[in-house]
Student: 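Quick one: this structure, given as structure tokens, is what I'll be asking you about.
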Amino acid sequence: MRIGEFAALVGVTSRAVRHYHHIGLLPEPARQANGYRAYTVRDAVLLARIRRLTEIGLSLDEVRDVLADDAGRELGEVLTELDADLARQERAIQERRQVLAVLLEAPLTSDGPLSPALAALLEHAPATTSPAAAKDREHLALLDGAGDGAGAAVFAALRPLAEDPGVLALYERLDELEEAGVDDPRIAPLAAELAAAVPDEVLAVIPEGEPSAAGVGRVLLDDYPPAQRAVVHRVMEELAERVRRRETS
């Protein structure tokens with residue numbers, strides 16, 4: 001095979017093939033009498049392997065390490081592994097399409113698409129124009145977008161809290177602190193009531209190490225003005241203490 005046919009067979013460009021040759025990732029094949037490269041099936045298998053590894057996110061240096069580990073294996077073994085790679089990709093695509101189908105069936109919102117779990121939670125939350133409630137919703141969407149599997153359990157546990165009409169009054173009190181200072185006397189009692197409103201079931205399913213004023217928690221805190229930040233910080237500390245008490249009891 002000539003380089004154009006070889007590249008097309010695997011689904012890459014001739015330029016990519018030449019680059020792989022240049023950096024030593026793909027060995028140069030034997031050349032014909034006329035000077036053209038003569039690629040073989042084994043060359044195509046190796047190029048397909050490189051493409052597959054880069055598609056799943058490996059850097060070219062990481063691909064080089066993987067290929068070094070594969071050196072000396074039989075062609076049939078490499079082909080079998082490539083077939084298994086394709087099967088895994090097919091399953092992943094099917095799973096993503098199933099999730100997409102669920103999302104398409106749910107009502108589309110301006111901040112969507114949302115996971116079914118978060119969509120169900122927000123569907124049962126009472127309507128409000130509270131800026132603090134809107135900010136809370138943005139933070140839930142951030143957790144939802146992380147896609148680490150923790151969100152669904154948290155959203156399910158938050159359902160009773162979302163349906164509690166008394167929570168709206170707490171949001172309104174938080175809104176009133178938007179222009180307040182960090183020494184405002186309303187901060188401590190509001191923080192205590194907000195923390196008390198969070199069910200124990202939520203604490204049982206939150207990711208390990210949370211709630212915390214570090215990492216993601218710090219980013220969320222920075223999203224609030226000073227007095228509101230002080231309230232949310234106190235809530236995080238109280239919830240973290242409740243988590244510690246649960247773990248030691």
Student: What pair of heavy atoms forms the shortest contact from Ile187 to Gly181, and how long is it?
Tutor: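 Looks like CD1-O, 3.7 Å.
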
Student: How close do Ser14 and Gly4 get, counting heavy atoms only, and between which atoms?
Tutor: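 Result for this residue pair: OG-CA, 3.7 Å.
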
Student: Taking Arg51 for its side chain and Val10 for its backbone only, find out whether a donor-acceptor pair lies under 3.5 Å.
Tutor: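 The answer is yes, because a donor-acceptor pair under 3.5 Å joins these two groups.
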
Student: Nearest 0.5 Å, what's the CE-CD distance between Met236 and Glu241?
Tutor: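 One gets 16.0 Å once the value is rounded to the nearest 0.5 Å.
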
Student: Does Arg91 have any salt bridge (charged side-chain N to carboxylate O under 4.0 Å, His left out) partners at least two apart in sequence or in another chain, and if so, which?
Tutor: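 With sequence neighbours excluded, Arg91 shows a salt bridge (charged side-chain N to carboxylate O under 4.0 Å, His left out) to no residue whatsoever.
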
Student: Check side chain to side chain donor-acceptor pair (under 3.5 Å) between Thr40 and all other residues, then give those that pass, not counting sequence neighbours.
Tutor: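 Partners of Thr40 by the side chain to side chain donor-acceptor pair (under 3.5 Å) criterion, ordered by chain and then number, come out as Asp43.
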
Student: Not counting sequence neighbours, which residues clear side chain to side chain donor-acceptor pair (under 3.5 Å) with Arg234? List them please.
Tutor: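 Expected list: none.
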
Student: What residues form a side chain to side chain donor-acceptor pair (under 3.5 Å) with Arg88, not counting sequence neighbours?
Tutor: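 Partners of Arg88 by the side chain to side chain donor-acceptor pair (under 3.5 Å) criterion, ordered by chain and then number, come out as Asp85.
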
Student: Can you measure from CG (Leu26) to CZ (Arg49) and round to the nearest 0.5 angstrom?
Tutor: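 That separation rounds to 14.0 Å.
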
Student: Report all side-chain donor-acceptor pairs from residues 195-205 shorter than 3.5 Å, counting only partners two or more places apart or in another chain.
Tutor:
from: Asp200; atom 1: OD1; to: Arg242; atom 2: NH2; distance (Å): 2.6

Student: Of all heavy-atom pairs between Ala127 and Leu168, which one has the smallest distance, and what is that distance?
Tutor: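 Nearest heavy atoms, Ala127 then Leu168: O-CD1, 4.3 Å.
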
Student: In Å and rounded to the nearest 0.5 Å, what is the CG to CZ distance from Asn34 to Arg2?
Tutor: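 Answer rounded to 0.5 Å: 7.0 Å.
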
Student: Considering residues at least two apart in sequence or located in another chain, which fulfil the side chain to side chain contact (heavy atoms under 4.5 Å, CB included) criterion with Glu90?
Tutor: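 Side chain to side chain contact (heavy atoms under 4.5 Å, CB included) list for Glu90, sorted by chain: empty.
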
Student: With Glu172, which residues qualify under side chain to side chain contact (heavy atoms under 4.5 Å, CB included), at least two apart?
Tutor: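 For Glu172, no residue satisfies side chain to side chain contact (heavy atoms under 4.5 Å, CB included) once neighbours in sequence are set aside.
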
Student: So, taking the atom named OG in Ser130 and the one named CG in Leu174, what distance separates them when rounded to the nearest 0.5 Å?
Tutor: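 Ser130 OG to Leu174 CG: 7.0 Å, rounded to 0.5 Å.
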
Student: Could you tell me which residues satisfy side chain to side chain contact (heavy atoms under 4.5 Å, CB included) with Val167, sequence neighbours excluded, listed by chain and number?
Tutor: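 Applying side chain to side chain contact (heavy atoms under 4.5 Å, CB included) to Val167 gives Leu161, Asp164, Tyr171.
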
Student: From Ile3 CD1 over to Arg37 CZ, what is the distance, rounded to the nearest 0.5 angstrom?
Tutor: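 Here the interatomic distance stands at 5.0 Å.
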
Student: When you group the ILVMFWY residues by side-chain heavy-atom contacts below 4.5 Å and let the links chain together, are Val182 and Leu190 in the same group?
Tutor: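 No, because Leu190 and Val182 fall into different hydrophobic clusters, even though each may have its own neighbours under 4.5 Å.
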
Student: Considering all heavy atoms of both residues, which atom of Pro27 and which atom of Leu46 are nearest to each other, and what is their separation?
Tutor: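 Taking every non-hydrogen atom into account, CD-CD2, 3.6 Å.
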
Student: For residues 18-27, pull every pair meeting side chain to side chain donor-acceptor pair (under 3.5 Å), keeping only residues two or more places apart or in separate chains.
Tutor: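 Found His21-Tyr39.
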
Student: For Glu163, check salt bridge (charged side-chain N to carboxylate O under 4.0 Å, His left out) against everything at least two apart and list the hits.
Tutor: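 For Glu163, the residues satisfying salt bridge (charged side-chain N to carboxylate O under 4.0 Å, His left out) (neighbours in sequence not counted) are Arg159.
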
Student: Heavy-atom distance under 4.5 Å between the side chains of Arg64 and Asp61, does that happen here?
Tutor: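 Heavy-atom side-chain distance check passes, below 4.5 Å.
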
Student: Not counting sequence neighbours, which residues clear side chain to side chain donor-acceptor pair (under 3.5 Å) with Glu193? List them please.
Tutor: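 Testing Glu193 for side chain to side chain donor-acceptor pair (under 3.5 Å), a comparison that skips the adjacent residues, returns Arg173.
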
Student: Work out which heavy atom in Ala180 is nearest to a heavy atom in Ala227; give both atom names and the distance.
Tutor: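 The answer is O-CB, 3.4 Å.
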
Student: Please determine whether residues Val12 and Leu60 belong to a single hydrophobic cluster, defined as Ile, Leu, Val, Met, Phe, Trp and Tyr linked transitively by side-chain heavy-atom distances below 4.5 Å.
Tutor: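 In one cluster: yes.
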
Student: What distance separates Ile50 CD1 from Leu25 CG, expressed to the nearest 0.5 Å?
Tutor: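 Output value for this atom pair is 4.0 Å.
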
Student: So, using side chain to side chain contact (heavy atoms under 4.5 Å, CB included) as the criterion, who are the partners of Arg15 when residues are at least two apart?
Tutor: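 Once residues adjacent in sequence are excluded, the partners of Arg15 under the side chain to side chain contact (heavy atoms under 4.5 Å, CB included) criterion are Thr13.
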
